[in-house]
Asks: 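Supplied in structure tokens, the structure appears directly below.
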Protein chains: 2
Amino acid sequence: MKISELASIAQVSVKTIRYYEQIGLLSAPIRASNGYRHYQEKDIETLVFIRRCRELNIGLDDIKRLVDTQQDPKSSCALVDNIIAEQLARIQQTQRELALLEQSLAALASCCQSQQIQDCSILQTLKSS
Amino acid sequence: MKISELASIAQVSVKTIRYYEQIGLLSAPIRASNGYRHYQEKDIETLVFIRRCRELNIGLDDIKRLVDTQQDPKSSCALVDNIIAEQLARIQQTQRELALLEQSLAALASCCQSQQIQDCSILQTLKSS
DNA sequence: GTAAAGGTTACAGTCACTGGAAGGTCAAGT
DNA sequence: ACTTGACCTTCCAGTGACTGTAACCTTTAC
């Protein structure tokens, strides 16, 4: 199948597919005589896998490790566990940081009663807090 | 004061100060005869303001609007309110997305009981879910 | 014949910096 | 006078994960 067909089946943009090939995440497909990329069924599976990982906000480096692990039948499940656990920890850390941010912003947002910029308590707080 | 002094007082790197000047967020300071940047007291205030906004994860474009608003005594407080409200909404949206991500990853992390990569339920789930 | 749709490559831009190279300047110590 | 080291300058490239654009070629339909 051609690149746009793969793109629409796997729900990934054509640009992104070429980008994944360029960085070595997706192996280069065979080319037709006109130079067009020609993909196999298994490429759908790989690409969908990558897309799901991206939806989980996993970085391309880690996805590459997951894809490689998958392709090596001798490799261990523990590696996969580790990557997922790392991602989970990262997201939880981000959540904690965002909760703090939200508090600060909410406090700021509710504090300004003034109409004049000189007295704006938001700006005062940001300057001196 | 020289750039490194400003940097250490305002807790911003020298690189970052030059970058802020380059993008027009910080106005260009006067130069000494040797070409060194020479900063005034008020630059500390501006830079600290910018740093605090960055700590709140506000984008440089929005910070520029806040700085400009601050420097124009005729401008209205409502603009400031709007920017802060937007940032708050953005952070809350991100929090909702992260909560969903966390759920998915936590479900994945706990599902794999296998030792062999062929049976790894994490990978199975990512392929087909 | 021609126009639209889809394929190819290569380069630039995003955001908010950061790193590094190559060179000029300054202050202190020998 | 000389050297050393810290600090200053500019400019260019890299980060992550794409996306936009340009310029060009191929296929398909009318």
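Here is the naming used below: chain letters follow the sequence lines, and residue numbers restart at 1 for every chain.
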Asks: Could you tell me the separation between the CD1 atom of A/Ile58 and the P atom of D/dG16, rounded to a whole number of Å?
Replies: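 Between P of D/dG16 and CD1 of A/Ile58: 16 Å.
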Asks: Taking CG from B/Leu47 and P from C/dC17, how many angstroms apart are they, rounded to a whole number?
Replies: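 So the two atoms are 11 Å apart, to the nearest Å.
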Asks: Could you pull out the protein-nucleic contacts involving nucleotides 6-10 of chain D (nitrogen or oxygen on both sides, under 3.5 Å)?
Replies:
| unit_1 | atom_1 | unit_2 | atom_2 | d |
| --- | --- | --- | --- | --- |
| D/dC8 | OP1 | B/Ser4 | N | 3.1 |
| D/dC8 | OP1 | B/Ser4 | OG | 2.7 |
| D/dC8 | OP2 | B/Ser4 | OG | 3.4 |
| D/dT9 | OP1 | B/Arg37 | N | 2.8 |
| D/dT9 | OP1 | B/Arg37 | NH1 | 2.9 |
| D/dT9 | OP2 | B/Arg18 | NH1 | 2.5 |
| D/dT9 | OP2 | B/Arg37 | NH1 | 3.4 |
| D/dT9 | O5' | B/Arg37 | NH1 | 3.4 |
| D/dT9 | O3' | B/Arg31 | NH1 | 3.4 |
| D/dT10 | OP1 | B/Arg31 | NH1 | 3.3 |
| D/dT10 | OP1 | B/Arg31 | NH2 | 3.0 |
| D/dT10 | OP2 | B/Arg37 | NH1 | 3.1 |
| D/dT10 | OP2 | B/Arg37 | NH2 | 2.9 |

Asks: For a quick test of reading the model: is some side-chain N or O of B/Thr16 closer than 4.0 Å to OP1 or OP2 of C/dA16?
Replies: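 For C/dA16, OP1/OP2 do not have a side-chain N/O of B/Thr16 under 4.0 Å.
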Asks: Apply side chain to side chain contact (heavy atoms under 4.5 Å, CB included) to the pair B/Met1 and B/Ile9, showing each step before the final yes or no.
Replies: CA-CA 10 Å; B/Met1 90 197 73; B/Ile9 293 172; 4.2 Å; yes
Asks: Would you sort out whether A/Ile44 and A/Tyr39 count as a side chain to side chain contact (heavy atoms under 4.5 Å, CB included), showing the intermediate values?
Replies: CA-CA 8 Å; A/Ile44 300 175; A/Tyr39 292 96; over 6 Å; no
Asks: Within the pair B/Tyr20 and C/dC17, is there a side-chain N or O less than 4.0 Å away from OP1 or OP2?
Replies: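 So the side-chain polar atoms of B/Tyr20 do come within 4.0 Å of the phosphate oxygens OP1 or OP2 of C/dC17, strictly under.
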Asks: Would you check if the side chain of B/Lys64 reaches a backbone N or O of B/Gly24 as a donor-acceptor pair within less than 3.5 Å?
Replies: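 Judged by distance alone, yes, a pair lies under 3.5 Å.
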Asks: From OH of A/Tyr19 over to C1' of D/dT15, roughly how many Å is that when rounded to an integer?
Replies: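 In whole Å, D/dT15 C1' lies 10 Å from A/Tyr19 OH.
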Asks: Whether A/Ser13 contacts D/dC18 is assessed here as follows: a side-chain N or O lying under 4.0 Å from the phosphate OP1 or OP2. Is that the case?
Replies: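 No, outside the criterion.
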Asks: Specify the separation, in whole Å, of atom CG of B/Asp62 and atom C1' of C/dC15.
Replies: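 One finds 13 Å between C1' of C/dC15 and CG of B/Asp62, rounded.
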Asks: Looking at A/Val12, is its backbone amide N or carbonyl O close enough to the side chain of A/Arg51 to form a donor-acceptor pair, meaning the two atoms are under 3.5 Å apart?
Replies: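 Judged by distance alone, no pair lies under 3.5 Å.
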Asks: Do A/Val80 and A/Gln70 pass the side chain to side chain contact (heavy atoms under 4.5 Å, CB included) test, and can you show the C-alpha distance, the side-chain angles, and the key distance before you say yes or no?
Replies: CA-CA 9 Å; A/Val80 177; A/Gln70 224 168 344; over 6 Å; no
Asks: Counting heavy atoms not belonging to A/Glu41, are there more than 12 under 6.0 Å from its CD?
Replies: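 Not buried by this count: 12 neighbours or fewer within 6.0 Å.
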